[in-house]
Amino acid sequence: MEDRGPEAASLGPVTAGERIESIDVLRGFALLGILVINIEFFALPSGVYFDARIAGGLTGIHLLTWQFSSTFFLQKMMGIFSMLFGAGVIILTERAQGAGRSAAGPYYRRTLWLLVIALIHGYLIWYGDILYSYAMIGWVLYLFRNRRPSTLLILAFVALLLGSLLQWGTGLSLRLLAQAVSAPPVSNAVLVDRWEDLQSTFAPSVEDVATEVEAYRGGYVDNLEFRIPKTIVMQTNGFFYFTLWRAAGMMLLGMGLMKLGVLSARRSARGYAVMMAVGLFLGLPLCYLALRGLRAHDFDFIHRFMVDNQFNYWGSVLVALGYIGAVMLVCQKGLMRWLTRRLAAVGRMALTNYLF
């Protein structure tokens, strides 16, 4: 398996000889896994993320599809993708050091172009764009490139914990708001309007869903009028409350794992086997508990933020690590070359494939 050596002469596009095959395979694996989740949001109303029942009900094949995609893919693949973004910072830094140059210039130019692409993608194509979050976090992420692996892992846990607590706090604030609105007499019209806006997002009515469907079945201008406000919310409130800490934590985790040689298939086969077994054995039951809780509480979004989401939030980190262990083991042993070659091809053009 070839690695980026110290003889790298420039910081231009990575050549075939410089590529780390295991990372290409893992990136392709994650990208195709992201499609399993994103394709639902390409086709269905946005509220389906908070209530899977609004699109075709939740029985039969709909139930099985939701259970399968949520248990094995939701947040797991995006978590791996985020880790690889962090790993990319370490790879670029090592290439620069090998060439006797600073990586700051190329890194921040790439980050700027990533932001430009993200804005075009988010506002003109799809509100669910994740590249904006990567670009925004990327401005700060570079500052941690020289930290020790242990420090990066600790910082990753702290960021993930903050994200978890922030979701719990969001649920608590929503509960207090609901209580304030329902307690007679209701005199604060601002609170009532705010609560109704939140309900249309987290618990859309039949009318809300119909309005969204009509907008997307209209012309491109109708699409823009509906998409732009959603994109603004995603890149402001959504970014701070839900994406920032989770993505940053996974990126820092990826930086630490890259420095430890985990993502380049340099660790022992036994270590990867343990990583796979522990990650999947502990993580998958937690993810299942999240789904069970959502159904038991009728997809109540307050309970979701405070309890149900927490199971998948942490379970998905473990499952992502389990998947990494499995992929690294396959790459290390040279298994299923017919599959890994194809996954690597997808991973080598990750940005292009993500956008298309």
Side-chain angles (χ1 to χ4, degrees), residues 11 27 30-31 34 37-38 41 46 49 74-93 96 102-147 151-153 155-167 169-170 201 224 227-258 309 313 316-317 320 350-355:
L11 299 183
R27 188 181 290 113
L31 187 62
I34 290 171
I37 298 299
N38 282 359
F41 298 104
S46 56
Y49 179 81
L74 183 63
Q75 291 193 325
K76 292 81 177 173
M77 299 302 182
M78 189 59 74
I80 296 175
F81 210 64
S82 299
M83 281 190 261
L84 291 173
F85 187 89
V89 177
I90 303 303
I91 293 171
L92 181 63
T93 301
S102 170
Y107 176 83
Y108 282 110
R109 282 195 296 272
R110 293 181 187 185
T111 303
L112 177 60
W113 279 112
L114 183 63
L115 179 60
V116 171
I117 293 171
L119 293 173
I120 294 172
H121 185 225
Y123 285 98
L124 300 184
I125 301 175
W126 187 47
Y127 69 88
D129 168 82
I130 193 63
L131 301 178
Y132 171 85
S133 298
Y134 283 15
M136 295 303 293
I137 298 170
W139 295 112
V140 180
L141 195 67
Y142 183 78
L143 303 178
F144 296 90
R145 67 195 184 282
N146 293 324
R147 298 292 182 181
T151 301
L152 291 168
L153 297 182
L155 291 173
F157 175 76
V158 171
L160 289 170
L161 181 60
L162 285 173
S164 177
L165 293 174
L166 198 56
Q167 285 203 29
T170 299
T201 299
L224 286 180
R227 180 185 304 115
I228 289 175
K230 280 188 171 291
T231 303
I232 292 174
V233 171
M234 286 282 289
Q235 294 182 354
T236 52
N237 290 346
F239 173 68
F240 179 78
Y241 285 103
F242 302 111
T243 310
L244 170 59
W245 306 104
R246 166 81 181 191
M250 299 305 282
M251 290 176 187
L252 289 166
L253 179 57
M255 294 172 74
L257 294 179
M258 187 64 207
N309 262 14
Y313 184 96
S316 63
V317 176
L351 178 61
T352 300
N353 286 322
Y354 171 77
L355 292 173

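All residue numbers in this chain count up from 1 along the given sequence. None of these values were measured; they are calculated from a predicted model.
- With no hydrogens or angles considered, no side-chain donor-acceptor pair links Thr111 and Tyr134 at under 3.5 Å.
- Nearest approach of Met251 to Ser82, heavy atoms of both residues: CG-O, 3.3 Å.
- In this structure, Leu351 and Ile117 have side chains that are in contact, with non-hydrogen atoms separated by less than 4.5 Å.
- Between the side chain of Arg246 and the backbone N or O of Tyr313 there is at least one donor-acceptor pair closer than 3.5 Å.
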Would Phe240 and Leu166 count as a side-chain contact (heavy atoms from CB on, under 4.5 Å) if you check the C-alpha gap in whole Å, the side-chain angles of each, and the deciding distance to 0.1 Å? CA-CA 9 Å; Phe240 179 78; Leu166 198 56; 4.1 Å; yes
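- Rounding to the nearest 0.5 angstrom, the gap separating the CG atom in Leu31 from the OG1 atom in Thr352 is 10.0 Å.
- Residues Arg227 and Ile125 form no side-chain contact, since every pair of their non-hydrogen atoms from C-beta on lies 4.5 Å or further apart.
- Of all heavy-atom pairs between Met234 and Gly128, the closest is CE-CA, 4.1 Å.
- Once rounded to the nearest 0.5 Å, the distance linking CD1 of Ile37 with CG of Leu74 reads 5.0 Å.
- Tyr107 does not carry Arg110 over the face of its six-membered ring by the limits of under 6.0 Å from the centre and within 45° of the normal.
- Annotation: side chain of Tyr354 is in contact with side chain of Asp129 (closest heavy-atom distance under 4.5 Å).
- Distance check, rounded to the nearest 0.5 Å: CG of Leu244 to CG of Leu162 gives 9.5 Å.
- Ring geometry, Tyr142 versus Tyr108: the interplanar angle exceeds 60°, so the pair is classed perpendicular (tilted spans 30 to 60°).
- Closest approach of Ala320 and Met83 over heavy atoms only: CB-CE, 3.9 Å.
- Distance check, rounded to the nearest 0.5 Å: CG of Leu252 to CG of Leu160 gives 8.5 Å.
- Among all heavy-atom pairs drawn from Ala350 and Arg27, the shortest one is CB-CD, 3.2 Å.
- Contact detail for Leu253 and Ala156: the closest heavy-atom pair is N-CB, 3.5 Å.
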As a quick check of understanding, evaluate side-chain contact (heavy atoms from CB on, under 4.5 Å) for Phe85 and Leu141, giving each step before the final call. CA-CA 10 Å; Phe85 187 89; Leu141 195 67; 4.0 Å; yes
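- More than 12 non-hydrogen atoms from other residues, nucleotides or ligands lie less than 6.0 angstrom from CH2 of Trp139.
- Here the closest non-hydrogen pair linking Ser102 and Pro106 is O-CD, 3.9 Å.
- Annotation for Tyr241: atom OH does not count as buried by contact number, only 12 or fewer foreign heavy atoms lying within 6.0 Å.
- Leu112 places none of its side-chain heavy atoms less than 4.5 Å from the side chain of Arg109.
- The one candidate from Asn237, Val233, Thr231 that meets the side-chain contact (heavy atoms from CB on, under 4.5 Å) condition with Gln235 is Thr231.
- The shortest side-chain heavy-atom distance between Trp126 and His121 falls under the 4.5 Å cut-off.
- In this structure, OH on Tyr127 lies 14.5 Å from CG on Leu224, to the nearest 0.5 angstrom.
- The closest side-chain heavy-atom distance from Thr170 to Phe242 is below 4.5 Å.
- Rounded to the nearest 0.5 Å, atoms CE (Met255) and OG1 (Thr93) are 7.0 Å apart.
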